[in-house]
Amino acid sequence: MLIKIVLGSLDAFRWLLRLMGIDYLQLRAIMEIKLVMDNRRPGNAMFRIVDKESDNVLLMTMGFFTIMGLIMGFVVTLTDSPFVAMTLFLTFIMTFITLTVIADYSSVLLDIADAPILQPRPLDGRTILASRLVHITIYLLLLTFSLAAGSIILGSVRFGLVTLPVMIISLILATLFVIVLVQVLYSLALRFLNAERLREIILIIQTLAVLVFVGGGVVLTRILESDVLRNITFENRWWVYLLPPSWFAAPVALAVGPVGPTQLILSCLAVVVPLLGILLVVRVLGPGFGSQLEKLEAEEGTSRLSRREKSASVNRMSGLAKWASGIALKTQGEKASFSLVWKLISHDRQYLLRTYPMLALLFFYLALFFIKSDQGPGEALGALTASNQHLIFLYIVAFVAPFFITNLRFSPVYEAAWVFRSLPFARPGEILLGGLKAVLLKYVIPVFMLVSVILVSLWGPRILMDIILAGCTGTFIMLLYANIFGRHYPFSEEYKVAKAAGRSSIFALLFFVPILVGITHAAARAVFPPGIIIGIPIFLAIDLGLARLYTDTPLRMVNR
Amino acid sequence: MCADSNQPSISIQNLVKYYGDLKALKGIDLVIQPGEILGYLGPNGAGKTSTVKILVGMCEEYEGEVFVGGHNIRTDSLIVKQRIGYVPESAALYESLTPMEFLRFIGRVHGISDSSIDDRAARLLELFDLGENMNSRMSTFSKGMRQKVLIISSMIHNPDILFLDEPLTALDANTTLIVKEVISGLSESGKTIFYSSHVMDVVERVCHRIVILNKGEIVADGTFEELQRMSKRGSLESIFTQLTSDESQQEVASAVLDVIRG
């Protein structure tokens with residue numbers, strides 16, 4: 001049904017697509033199967049930011065973005081100049097969708113998985129490239145308009161109903177512009193970078209996207225509180241020409257009333273650049289697109305070879321980690337799974353994708369606390385270190401750490417876990433424990449240490465006991481998660497299994513465990529300080545018990 | 001659309017292919033006539049799949065000249081691709097589609113009308129014993145069932161030249177027999193078949209001409225009878241081992257056994 005509507009509206013642009021040198025019927029056939037497949041895909045991969053455990057990911061994401069966009073929309077009401085308002089609003093939207101394209105849609109643009117299906121067929125490079133661009137455009141327009149819905153309504157109330165159609169067209173053009181921009185960036189990147197480097201860069205940008213996502217909201221509330229915006233004008237500065245959001249804001253100003261030559265020129269740019277850009281991208285970059293992807297594929301092959309030489313240095317553990325693992329690992333089974341998991345969690349893109357943003361978030365929150373207050377930085381720090389807010393940092397770590405464990409069991413090549421199932425182990429605990437230790441040594445302990453060092457250097461040694469107790473309670477929280485969600489062989493499941501309905505509600509419930517433990521800790525510090533010292537042996541004992549429970553995981557629980 | 005009978009179906013001149021520094025194909029020369037079934041043999045890593053990928057236009061980075069159906073694959077790849085069919089080595093399919101949907105897609109890409117493609121697809125699926133699974137998703141299919149869909153998708157547009165890379169993988173004996181008969185029938189009606197495999201007895205029985213590749217070079221080229229004269233023992237297997245390996249397989253096997261037994 002929805003697919004029919006989308007394809008129907010695509011038909012309306014038949015002439016334009018033919019003009020780009022595309023075989024329209026082939027394009028339509030590709031689009032149809034792509035949309036059918038998206039529809040069937042469990043946990044719509046298009047929207048990875050929110051894809052956790054729901055079936056209606058698309059709807060949920062759109063609802064989420066609509067709410068976010070509504071908050072955003074108030075910017076529009078803060079200034080009297082429609083040009084300034086629209087520029088600000090478009091800057092936010094365009095930044096966001098640019099990052100989203102790079103983060104979530106690069107898999108569509110740079111997909112080489114279906115090369116063996118499409119390449120031997122009589123398809124032109126242009127048609128394949130166009131099919132990918134159209135595929136992304138469809139989803140991106142949905143996203144843009146959910147984000148913009150609030151602002152469009154508020155804007156048309158404030159600046160007059162005339163602006164409504166203009167805003168809609170402006171947004172479509174802005175979306176096209178973003179797609180052109182990203183495709184050009186990728187073409188350049190593919191020419192100058194190898195596949196592996198490109199993937200690393202994408203990973204960094206994906207992490208950035210999460211930051212902008214969270215950070216944008218925070219910064220925005222700050223802006224809303226201030227009066228800076230009310231009097232700002234920048235119509236006549238030369239740099240507006242270099243700021244693409246202002247191009248797409250200009251037509252709206254044009255619709256409201258008489259404007260200067262600047263906005264006229266900007267409006268022309270808004271129309272000409274995206275349309276010409278998309279035409280040029282398909283016509284010029286299209287023919288070579290197939291061979292660029294082929295290069296990517298070939299490099300995947302060769303980089304695997306060269307990685308073997310490189311991996312020696314990448315995977316080598318630091319002396320400290322080696323020493324620690326020497327102490328921590330007892331049996332051969334533990335050692336085997338430890339070194340396997342250690343290597344995989346350093347490389348596996350999907351694992352890194354799900355965990356790195358959490359790390360980034362952690363440090364983002366840390367930074368946030370220091371810029372939060374309205375006082376000067378020195379003053380703020382003084383106030384902060386006098387408080388007991390170090391506990392918040394410690395428990396953010398405890399909050400983030402379980403993600404590293406619960407994600408351990410997912411892998412795109414989950415079939416390889418047959419190797420564990422075929423092993424003659426009566427108790428799979430060794431394997432599980434080895435994996436857990438690898439995660440601890442590789443990510444959790446270093447992060448905890450780093451945070452602890454920062455905190456002690458700011459707060460002084462008086463918080464040492466808090467850190468030790470938080471270490472024990474953090475371990476408790478992680479072992480709790482491990483016992484409930486981590487009784488699976490590492491990398492043994494496809495990600496979609498996480499959708500199992502009942503599990504998600506337990507997961508949501510457990511979200512509160514770190515918060516509860518943290519609050520208890522803070523209460524003890526405030527009301528009954530010796531409780532902190534007493535708490536340490538108590539939690540240590542619980543930890544040991546939970547670790548034993550985890551080691552004794554019965555085989556039938558793991559072999560599912 | 002039938003190929004001109006005076007012109008070779010496939011003509012390869014001094015084909016060289018590099019992967020990084022590795023020279024995978026070291027100057028292949030090969031001419032195949034219409035109606036021929038060519039068996040393309042070689043040990044693992046000899047360059048069989050690389051050759052096939054270049055011939056079907058999946059790989060544009062090579063040196064030398066390659067003509068398929070009289071057209072240069074580098075410059076006229078769309079014309080060539082319209083006339084060829086290909087069974088890839090790995091079962092590449094859109095698994096969340098049903099076989100009917102997938103075949104309809106393939107048909108549309110080749111510009112065949114929906115009614116004609118639906119009719120052909122349904123009949124072929126029925127014949128390959130997939131009638132009942134015609135509208136279920138291929139993600140639930142076994143390896144053999146997927147292979148059947150791949151084979152159908154390579155032939156449904158009635159191509160002049162077929163490239164088959166290990167086409168019988170995971171197929172049961174009955175289906176194998178059907179596919180072999182179909183291949184022979186196609187060749188009788190003038191179609192060319194490029195059959196890449198390392199399953200000897202099928203190649204021995206089906207192919208008119210056998211080419212053996214070793215380390216990126218052709219080491220033998222002829223009918224089975226011609227190849228037989230080159231070897232003391234008569235089976236294709238022994239000819240193959242003699243041409244592509246320096247070591248005695250018995251010696252290697254006994255060394256392996258030594259290691260295992262400790």
Side-chain angles (χ1 to χ4, degrees), chain A residues 3 7 21 23-45 111-128 131 194 287-306 309 415 494 496, chain B residues 17-22 24 49-50 52-62 73-74 76-98 101-114 117 137-139 150 153-154 157 159 163 165:
Chain A
I3 294 173
L7 289 176
D23 184 322
Y24 182 70
L25 289 177
Q26 288 184 337
L27 177 78
R28 201 178 191 282
I30 299 177
M31 287 321 300
E32 183 169 353
I33 54 151
K34 291 281 176 187
L35 293 172
V36 167
M37 289 193 291
D38 286 344
N39 229 9
R40 292 180 186 168
R41 185 174 302 168
N44 197 328
D111 189 12
I112 45 176
D114 61 5
I117 304 178
L118 295 182
Q119 273 185 7
R121 303 293 171 182
L123 289 164
D124 194 55
R126 285 178 202 157
T127 307
I128 296 180
S131 76
N194 63 27
F289 184 63
S291 59
Q292 268 188 346
L293 288 182
E294 186 202 308
K295 191 180 144 210
L296 194 68
E297 195 185 8
E299 273 174 3
E300 292 250 289
T302 49
S303 74
R304 228 171 283 146
L305 285 175
S306 65
E309 296 147 25
E415 295 99 334
E494 217 177 353
K496 63 180 178 191
Chain B
K17 167 79 190 167
Y18 282 95
Y19 288 105
D21 295 332
L22 185 80
T49 298
S50 295
V52 176
K53 278 190 171 170
I54 291 168
L55 287 171
V56 300
M58 284 179 69
C59 174
E60 285 170 23
E61 302 209 347
Y62 59 85
I73 184 76
R74 204 194 294 270
D76 295 326
S77 73
L78 285 193
I79 303 170
V80 173
K81 286 173 179 180
Q82 191 61 258
R83 295 173 50 179
I84 61 170
Y86 171 47
V87 174
E89 183 191 27
S90 59
L93 289 165
Y94 291 122
E95 293 186 356
S96 50
L97 296 182
T98 70
E101 289 167 335
F102 181 71
L103 293 173
R104 192 179 302 149
F105 166 68
I106 296 295
R108 284 176 175 169
V109 164
H110 281 278
I112 306 173
S113 76
D114 282 3
I117 194 83
R137 296 182 199 176
M138 294 189 281
S139 49
L150 275 181
S153 83
S154 74
H157 55 293
F163 295 92
D165 200 346

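To find a chain, count down the sequence lines: A is the first, B the second, and so on, and within it residues start at 1. The shown structure was predicted, so the numbers you read here are calculated from the model rather than taken from an experiment.
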Between B:Arg108 and B:Ile117, is there a donor-acceptor pair closer than 3.5 Å when you use the side chain of the first and the backbone of the second?
no
Residue, of A:Ile33, A:Asp124, A:Thr127, that accumulates the most heavy atom pairs under 4.5 Å with chain B
A:Ile33
Sort out for me which of B:Ser154, B:Ser153, B:Gly85 touches chain A most, counting heavy-atom pairs under 4.5 Å.
B:Ser153
Quick one: do A:Gln26 and A:Leu123 satisfy side chain to side chain contact (heavy atoms under 4.5 Å, CB included)? Show the steps, please.
CA-CA 8 Å; A:Gln26 288 184 337; A:Leu123 289 164; 3.3 Å; yes
Donor-acceptor pair, distance only, cut-off 3.5 Å: does the side chain of B:His157 make one with the backbone of B:Ile84?
yes
Side chain, backbone, both or neither of A:Leu27 within contact of chain B (heavy atoms, under 4.5 Å):
neither
Side chain proximity check, B:Tyr86 to B:Leu55, heavy atoms < 4.5 angstrom
no
Check: B:Glu95 main-chain N/O paired with B:Arg137 side-chain donor or acceptor under 3.5 Å
no
Largest heavy-atom contact set with chain A, pairs under 4.5 Å, which of B:Leu93, B:Leu78, B:Val56
B:Leu78
Interface moiety of B:Phe102 toward chain A, non-hydrogen atoms closer than 4.5 Å:
side chain
